[in-house]
Amino acid sequence: MEATELRQRKPAANAQNDAQTSRDIEPRLKHGIPMQILRCVLLATWFNCCCVIILVTQVIGSPLYFINKEYYNAWMASTKRSFGLVITALTEWGCPTYVRVSGDESVRGQIHLADDGRLKTTFPERLVMISNHQVYTDWIYLWWIAYSNLMHGHIFIILKESLKYIPVLGQGMTFYGFIFMARKWLSDKPRLQHRLEKLKIQTIGSNSGAPKYDPMWLLIFPEGTNLSINTKRRSDAFGAKNSFAPLKHQVLPRSTGLFFCLQQLRGTVDWVYDCTVGYEGPPRGSYADKYFTLRSTYVQGRPPTSVNMYWRRFAVADIPLDDQQEFDAWLRDRWTEKDELLEGYFETGRFPSSLKGSIDVGQGDATQLTAAEDGYAEAHVRLAHWTEVGRIFRVIFGIAFLCQLPKLLGF
């Protein structure tokens with residue numbers, strides 16, 4: 001197969017050697033100190049200004065909560081779409097990133113490329129998404145997957161409570177309906193139950209009379225933290241204490257939160273979508289969090305050579321949700337499978353794929369056509385068109401125009 005390197009593709013016979021070589025060379029910084037300072041100023045200004053605009057837009061729409069909950073939810077979903085545009089644009093302009101997507105038979109027919117070469121997915125409107133947690137930027141690429149599915153306004157993330165207190169961002173995520181966890185189950189459980197109740201009772205009209213629920217992608221990282229030297233050490237100690245087989249490339253998952261979510265959402269969500277993420281670039285045996293921080297990715301010019309995703313899905317009806325010990329064993333089995341997938345990725349430079357013949361390419365380039373023939377959808381993280389960023393400012397511009405309207409009319 002061709003398509004091993006990001007921009008310069010080589011024949012199939014050299015794919016494995018090239019993949020191994022790329023892991024033996026430490027990723028280098030692209031920009032020196034002066035350029036890093038300039039990039040930091042420009043990107044931080046862009047990002048912070050957009051976040052302030054989004055928060056102001058949320059505050060303007062907040063009275064809708066007391067007037068009409070459906071309108072309020074739609075307003076906040078539009079601001080969430082705006083944030084999805086912000087981080088996608090930031091990645092496209094600040095650190096162009098190549099993503100290679102594959103999967104097993106369960107997602108056949110749901111991963112494609114649009115006519116302009118962008119990734120296009122057709123996952124359901126309601127699902128629970130789980131993923132291994134390699135680096136802090138994992139959520140950015142998964143939010144972009146939601147963008148590829150036109151679901152970037154309906155993603156909900158379970159995250160640690162300390163993020164709630166970040167100025168502007170924390171308040172914005174609160175408006176988004178994100179779920180903050182203190183990692184103390186006695187206090188987290190009622191809070192989580194309250195939020196999940198909202199996600200399953202907010203119904204919209206249905207001509208059939210059957211209950212229909214609002215779109216929702218609930219993102220959970222069962223590991224609870226990203227992979228690092230310290231978290232891996234604690235995970236291995238926990239596993240040894242409980243006689244669990246150690247994992248090579250991941251932290252052991254904790255089942256309590258996910259188990260509770262699936263129990264509460266059972267009957268309103270049919271599928272759990274599982275993503276295994278692997279990052280190309282760091283030397284073999286190292287941890288990606290050492291290389292791909294927010295600073296190194298966006299400021300120093302050292303994004304992953306490629307982000308690789310392997311998708312599969314599981315029917316909620318087939319998951320053991322009546323006994324937590326059974327569910328815990330089920331989840332650890334899935335993580336063992338993910339560990340095997342990651343081991344294969346580090347050996348060959350890519351995940352396997354069962355999607356041969358099912359990926360529509362449209363007007364993709366030669367590289368994308370070649371990859372699609374082998375079951376891989378390859379695309380850059382990018383917007384459909386740069387003018388989409390205008391949606392972020394439309395409410396503010398609209399209000400400014402209305403304020404100037406009397407002057408324009410001569411009053």
Side-chain angles (χ1 to χ4, degrees), residues 19-20 22-27 91 95 97 99-102 129-145 157-163 181 183 219-242 244-258 273-298 300 302-312 328 331-351:
Q20 184 63 42
S22 70
R23 283 158 180 76
D24 293 335
I25 301 174
E26 181 176 328
T91 303
C95 56
T97 304
V99 181
R100 180 182 296 114
V101 182
S102 63
M129 185 195 307
I130 59 175
S131 174
N132 61 317
H133 202 358
Q134 297 281 296
V135 296
Y136 286 118
T137 51
D138 287 335
W139 63 272
I140 292 177
Y141 303 117
L142 292 172
W143 203 322
W144 171 71
I145 291 292
I157 306 177
I158 295 180
L159 37 88
K160 57 185 179 181
E161 190 175 37
S162 59
L163 298 175
M181 305 286 280
R183 298 179 182 176
L219 171 59
I220 305 173
F221 294 104
E223 292 162 88
T225 186
N226 66 296
L227 179 67
S228 67
I229 294 175
N230 290 333
T231 59
K232 187 66 167 66
R233 185 184 300 118
R234 292 196 297 268
S235 173
D236 289 346
F238 173 81
K241 182 180 178 180
N242 291 274
F244 297 152
L247 300 175
K248 290 183 179 180
H249 309 292
Q250 301 169 103
V251 174
L252 284 167
R254 303 298 181 96
S255 64
T256 302
L258 179 59
Y273 274 68
D274 170 61
C275 181
T276 303
V277 183
Y279 292 89
E280 182 179 358
R284 182 177 177 83
S286 62
Y287 295 131
D289 79 308
K290 177 182 177 182
Y291 299 95
F292 304 131
T293 62
L294 288 172
R295 179 188 175 196
S296 66
T297 300
Y298 290 93
Q300 296 176 332
R302 189 175 64 183
T305 305
S306 68
V307 178
N308 295 262
M309 296 182 177
Y310 182 84
W311 288 91
R312 54 185 180 166
D328 186 69
L331 185 62
R332 280 187 282 106
D333 286 344
R334 303 291 78 76
W335 246 247
T336 299
E337 294 166 357
K338 291 163 77 70
D339 215 48
E340 293 170 355
L341 286 167
L342 285 165
E343 179 65 19
Y345 168 74
F346 289 122
E347 288 291 335
T348 66
R350 62 191 57 227
F351 290 118

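Since this is a predicted model, take the numbers as computed values, not measurements.
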What's the shortest heavy-atom distance between [X] and [Y], and which atoms?
| X | Y | value |
| --- | --- | --- |
| K160 | R183 | CD-NH2, 3.9 Å |
| G281 | T305 | CA-OG1, 4.0 Å |
| S131 | W335 | O-CZ2, 3.7 Å |
| Y273 | W311 | CB-CZ3, 4.1 Å |

Discussion item. Using side-chain contact (heavy atoms from CB on, under 4.5 Å), reason through D138 and F221 one step at a time and then give a plain yes or no.
Written reply: CA-CA 10 Å; D138 287 335; F221 294 104; 4.0 Å; yes
First locate atom [atom1] of [X], then atom [atom2] of [Y], and finally report the distance between them rounded to the nearest 0.5 Å.
| X | Y | atom1 | atom2 | result |
| --- | --- | --- | --- | --- |
| L142 | C275 | CG | SG | 5.5 Å |
| S102 | Y310 | OG | OH | 6.5 Å |
| T336 | L341 | OG1 | CG | 11.0 Å |
| L227 | S235 | CG | OG | 9.0 Å |
| D328 | N242 | CG | CG | 8.5 Å |
| Y136 | L294 | OH | CG | 9.5 Å |

Main chain of [Y], side chain of [X]: is a donor-acceptor contact present, judged purely on distance under 3.5 Å?
| X | Y | answer |
| --- | --- | --- |
| T348 | G344 | yes |
| Q134 | A288 | no |
| T297 | P303 | no |
| S255 | P253 | no |
| Y141 | V99 | no |

Fill in: The single option from I220, L219, I157 passing side-chain contact (heavy atoms from CB on, under 4.5 Å) against M129
L219
Worksheet item: Hey, which of V277, T276, N308 is the one that makes side-chain contact (heavy atoms from CB on, under 4.5 Å) with L342?
Response: T276
Would you mind checking if [Y] and [X] are paired as a salt bridge, meaning a charged N to carboxylate O distance below 4.0 Å?
| X | Y | result |
| --- | --- | --- |
| D274 | K338 | yes |
| D339 | K248 | no |
| R312 | E337 | yes |

Worksheet item: More than 12 heavy atoms of other residues, nucleotides or ligands under 6.0 Å from CD1 of I229: is that the case?
Response: no
Discussion item. Does R332 have more than 12 heavy atoms from other residues, nucleotides or ligands lying within 6.0 Å of its CZ?
Written reply: yes
Worksheet item: So do the side chains of M309 and I145 get within less than 4.5 Å of each other, counting heavy atoms only?
Response: yes
Practice prompt. Test S228 against every option in T225, T231, N226 by the side-chain hydrogen bond (donor to acceptor under 3.5 Å, both in side chains) rule and name the one that passes.
Written response: T231
Item to complete: Would you check, one step at a time, whether the test side chain to side chain donor-acceptor pair (under 3.5 Å) holds for E280 with S306?
Response: CA-CA 5 Å; E280 182 179 358; S306 68; 2.5 Å; yes
Practice prompt. Assess whether side-chain contact (heavy atoms from CB on, under 4.5 Å) is satisfied between L252 and F244, documenting all intermediate values.
Written response: CA-CA 9 Å; L252 284 167; F244 297 152; 4.3 Å; yes
Worksheet item: Taking the inter-plane angle between the rings of F292 and Y279 on a 0 to 90° scale, is it parallel (under 30°), tilted (30 to 60°) or perpendicular (over 60°)?
Response: tilted
Item to complete: Test F238 against R254 for side-chain contact (heavy atoms from CB on, under 4.5 Å), laying out the working first.
Response: CA-CA 11 Å; F238 173 81; R254 303 298 181 96; 3.7 Å; yes
Discussion item. Please evaluate residues Q300 and R295 with respect to the criterion side-chain contact (heavy atoms from CB on, under 4.5 Å), reporting the C-alpha separation (whole Å), side-chain torsions for both, the decisive distance (0.1 Å), and the verdict.
Written reply: CA-CA 6 Å; Q300 296 176 332; R295 179 188 175 196; 3.5 Å; yes
Fill in: Side chains of T91 and Y298, donor plus acceptor under 3.5 Å
yes
